[in-house]
Amino acid sequence: MKKFKTTGLCNPSKNYMVDITERLKQIKVMIDNGDYFTINRARQFGKTTTLAALERYLKDEYNVVRLDFQRIGDAGFKTEEAFVKSFSRAVLQKNSKINIPKSINDKLLDFINRSSGLAILDELFYCLIEWCSCSEKPIVLIIDEVDSASNNQVFLDFLAQLRLQYLDREDDEDNPAFQSVILAGVADIKHIKGNIRNDNDSKVNSPWNISADFNIDMSLSANGIKGMLDEYEADHNTGMNTKLIADSIYEHTSGYPFLVSRICQIIDEQLVPDKFDSLNKAWTKQGFNEAIKILLSEKNSLFQSLTGKLTNYPDLKRSIRSILMEGTTLSYSALQESISQMEMYGFIKNNHNTVAISNRIFETLLYNLFLSDEEIKSSAMFNEGTLAKNIFVEDGRLNMRLVIEHFIKTYTQIFGSLEDKFKEKDGREQFLLFLKPIINGTGNYYIEAQTRDQTRTDVVVDYLGQQDIIELKIWRGQKYNADGEQQLVGYLDHFGLNIGYMLTFNFNKNKEQGVKLVKIGDKTIYEGTV
C-alpha cells in the first residue's frame, strides 16, 4: 500500500520521477561542466532526498563522496587536527560505496590514528589531490548540512583549500582536483562567513566566491503531485478527483515538498474516522480543507523553525509583517540583505521582481501569528468576535452578511468615525481579528495574494464546504467602487460563485453606513460600508 511520508518528498511516482529526473539532469550538466556550487534551500525542502537521488544517478559515471556534516559534532570543528580526523573517518565510512584506493585508505587511517604530531589540512588535501589523480572515475564531493559548520574557522579554512584546488585546476586542467563540489544547507557561505568574522570584508570575500549560481527549481509541480495521487488512487480506489486535489495542494503550497507530503499524510492518516467515515469522503475538497486546518494548528519542526527566525531577527519580522498586514510592496533585490535573508529562510520568493510570501500556507500561518500578537494584547475586536460567534451560523452555514453587519457596528462602537489617519491595513487587521474567532476550529481563511496591496484585499473563507469572498478596500470614489465590483464579479466567476461581499472603509461624512444588496448580472454582492 502506498503511504505518504514527510521526509521532504511524497511517495515516488512516475510523474514525480519526471520532476526529479529533470532536476537531476540539470544538476548533472553543472557537474559535467566542473562547477563548484551550493544548494541553499529552506528547511525540509527535499535537499537531502535530492542529494541521495543524485548520488545514485551519478554512480556509473562518477565516484560520489556524499557526506553529512551533522555527523561531525562541534568538537570535530574545534581544531584542524580534530576536523581532519573527523573528515577522514566520515570518508572511510563510505568505502563500501566508493572503493577507496588502498594507498588513500591507509593515509586516511593514519590521520585518524596518529598519537603524536598533528594531522593538518595541508596533509589532508595532498591526500585528496592524490586520490583525484589516481581515481578511475572523476570524484564528486557532496557535503550536506553545511550549516552545522557555522561559527567555525576551521570550516572556512577547509573551503579555502577547496577554492585553491579549484583555481589550480583552472590554471592548468592537468592539475588533479574534484570534478565538482556541492555544499547543501539553508544558509549560504556568505552568511556563515558573516557569523564568524565581523569585519565588512569577511562578509563579502567568501572563500566560496568560485561558486556557480544554482537556479534549479526544486519544488514539486502540480503534475508531479497528481502523479503521486494517481499511484495512491490505484491502490486505494477512493474515487478522488486527483487533478482537483493536486491543483488545490499546489495552490496552497507552491510545491513546497514538506507541505505537499504533510497535507497528503493528514488526509490519509488523520481524517478517518474522526472527521469522515471513509477515505472516499476524506479525499475531497472538504477533506482537503480539514487537512489545511489541522496543518495550520500543529507545531511541526518546519513551522517552529520559521517562527523561531522571526523571534531571533526582529527586523525580519517587521518586514514580513509590513508585507502582509500593510500591503507593502517591496521590489525584489537579491543584494538587499533583509530580502536575501527572508528568501534564504523560505519566507519569500521573487514574483516578477516583487517580494511575495512563498506560499499560501506560510502566509496564513504568519497572519495567524501576527493576529495572535494582537489577541495577547486583549484586542477589543477579537473579544467581540469571540462573544458573538454563535449568532453567525445558521443550519451549519456561516452567514457572512451578518458577520459584516456586526463588524460594522462593532468597529464603529470601538473606534468611532473614520479619520484621515486610518490606513487600509488597519481595516484588514481589525476585520481578521473579528473574523478569526468566528471561524476558528471550523473554517479556514486566506488572503488572495494577487489582490493584497495598499488599495484592496480579497479574503477567502472556507467554512464546512462553503466558500465566501470578501473584498476589503478604502472608498476612493464611485468609479473606483464600480471597478471594484467588476473585479469581484470576475473573481466570483473564477471560483464558480454567485454571491460575494465587499467591505468599504469610507471617510465621507454623508455616507450611508450598513450593508446593501447590489445585483450585477447573475451575481449578488452584499456591500458593507464603515
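All residue numbers in this chain count up from 1 along the given sequence. Just so it is clear, the structure is predicted and the values come from calculations on it, not from any experiment. Side-chain atoms are counted along with the backbone in the values below, which use heavy atoms only and exclude waters and symmetry mates.
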Asker: Can we call the ring centroids of F45 and Y256 under 6.0 Å apart?
Answerer: yes
Asker: May I ask you to say whether R71 pairs ionically with D144, meaning some side-chain N is under 4.0 Å from a carboxylate O?
Answerer: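 Not counted as a salt bridge, because no side-chain N and carboxylate O are separated by less than 4.0 Å.
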Asker: How would you list, by chain and number, every residue that makes a salt bridge (Lys or Arg N to Asp or Glu O under 4.0 Å) with D74, sequence neighbours excluded?
Answerer: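 If we apply the salt bridge (Lys or Arg N to Asp or Glu O under 4.0 Å) test to D74, skipping adjacent residues, there are no hits.
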Asker: Which pairs, with at least one residue in residues 239-253 and sequence neighbours excluded, count as a salt bridge (charged side-chain N to carboxylate O under 4.0 Å, His left out)?
Answerer: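 Applying salt bridge (charged side-chain N to carboxylate O under 4.0 Å, His left out) to every pair that reaches into residues 239-253, excluding sequence neighbours, yields K243-D247.
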Asker: Can you say whether the rings of Y345 and F347 are parallel (under 30°), tilted (30 to 60°) or perpendicular (over 60°)?
Answerer: perpendicular
Asker: With sequence neighbours excluded, tell me which residues meet ring pair (Phe, Tyr, Trp, His ring centres under 6.0 Å) with F276.
Answerer: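 In terms of ring pair (Phe, Tyr, Trp, His ring centres under 6.0 Å), with neighbours along the sequence ignored, F276 is linked to no residue.
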Asker: Ion pair present between R262 and E298, side-chain N to carboxylate O less than 4.0 angstrom?
Answerer: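 Result for this pair is yes, salt bridge flagged.
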Asker: Check E22 with K28, please: is the shortest side-chain N to carboxylate O separation under 4.0 Å?
Answerer: no
Asker: What residues form a side-chain contact (heavy atoms from CB on, under 4.5 Å) with S133, not counting sequence neighbours?
Answerer: P176
Asker: So does R360 pair up with E363, basic N to acidic O under 4.0 Å?
Answerer: no
Asker: Using ring pair (Phe, Tyr, Trp, His ring centres under 6.0 Å) as the criterion, list what pairs up with F158, not counting sequence neighbours.
Answerer: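 Scan of F158 (ring pair (Phe, Tyr, Trp, His ring centres under 6.0 Å), adjacent residues dropped) gives F83, F87, F125.
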Asker: Less than 3.5 Å apart, any donor N or O on the side chain of T238 or N280 sitting next to an acceptor on the other?
Answerer: no
Asker: Check Y36, F37, Y166 against V181 for a side-chain contact (heavy atoms from CB on, under 4.5 Å) and give me the one that passes.
Answerer: Y36
Asker: Using the ring of each side chain (for Trp, its six-membered ring), is H494 parallel, tilted or perpendicular to Y491, with breaks at 30° and 60°?
Answerer: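 Plane angle under 30°, so parallel.
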Asker: side-chain hydrogen bond (donor to acceptor under 3.5 Å, both in side chains) with Y445: which of N368, D468, T364?
Answerer: N368
Asker: For Y126, what residues pass the ring pair (Phe, Tyr, Trp, His ring centres under 6.0 Å) criterion, not counting sequence neighbours?
Answerer: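 Not a single residue meets the ring pair (Phe, Tyr, Trp, His ring centres under 6.0 Å) criterion with Y126.
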